[in-house]
Amino acid sequence: MRKLLLLNGPNLNLLGNRKTDTYGTKSLQNIEEELVELVATMGFELDTHQSNHEGELIDWLHKANETYLGVVFNPGAYTHTSIAIRDAIEAIKVPVIETHISNIHNRESFRNHSYISPAAAGLVVGFGPLSYKIGVYALIEKLNEREREDGEN
Ligand code: CA2
């Protein structure tokens, strides 16, 4: 089975509880379940993981290189601080789609910069929980396109 990873960073386990005006009312579990179903209809399998720890996220990115075809990743606040996570993404060959629920560009200035974006295969920001569906869709399109190109060569 063709496997993808949905990886979420710090505090995203709290989705749906507070800050619902910014992040919506869906819980992370709810978002994950919907995505697992969506991805299955597209011929892929989705594993999900959330961590509040920078090193653990890096370990998952390394593991993604061995186990998954690509990653939809919301690094949470590490987006704005972590060169180590950016290095990890640059070190792996599978595509990583940086995904944010909120529009990080119309929020506080410290959220306007992402250390992750230059290393990402693409970005989705600002669509609420729908960002994850768009991220998964974009990742699958990218992988299918690569497969078609490989078939032609
Ligand atoms: O918009 C996004 O997806 C973010 O990655 C979410 C991060 C934030 O630090 C980034 O700037 C943008 C924060 C997620 C925290 O989620 C909470 C959910 C409920 C209550 C409190 C925080």
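Order of listing sets the numbers, starting from 1, for every ligand and every atom in it. Everything quoted here is computed from the prediction, not taken from an experiment.
Between H80 and Y78, the distance from one ring center to the other does not fall under 6.0 angstrom.
Residues that satisfy the salt bridge (Lys or Arg N to Asp or Glu O under 4.0 Å) test with E37, not counting sequence neighbours, are absent from this structure. Partners of E34 according to the side chain to side chain donor-acceptor pair (under 3.5 Å) rule, which considers only residues two or more places apart in sequence or in another chain, are K26, K133.
Side-chain atoms of Y115 and D87 include no donor-acceptor pair closer than 3.5 Å.
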For a quick test of your reading: what N or O donor-acceptor pairs under 3.5 Å do the side chains of residues 53-72 make, sequence neighbours left out?
unit_1, atom_1, unit_2, atom_2, d
E54, OE2, S82, OG, 2.5
E56, OE1, S51, OG, 3.3
E56, OE2, H49, NE2, 2.8
W60, NE1, H49, NE2, 3.2
N65, OD1, K93, N, 2.9
T67, OG1, K63, O, 3.1
Y68, OH, D47, OD2, 2.6

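Here the shortest heavy-atom pairing between T79 and I116 reads CA-CG1, 3.8 Å.
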Check ligand 1 against the protein and report each N/O to N/O distance under 3.5 Å, formatted as atom name, atom name, distance.
unit_1, atom_1, unit_2, atom_2, d
ligand 1, 1 (O), I101, N, 3.3
ligand 1, 1 (O), S102, N, 2.8
ligand 1, 1 (O), S102, OG, 2.5
ligand 1, 3 (O), N74, ND2, 2.8
ligand 1, 3 (O), I101, N, 2.7
ligand 1, 5 (O), N74, OD1, 2.8
ligand 1, 5 (O), H100, ND1, 2.9
ligand 1, 9 (O), A77, N, 3.4
ligand 1, 9 (O), R111, NH1, 2.9
ligand 1, 11 (O), H80, NE2, 2.7
ligand 1, 11 (O), R111, NH1, 2.9

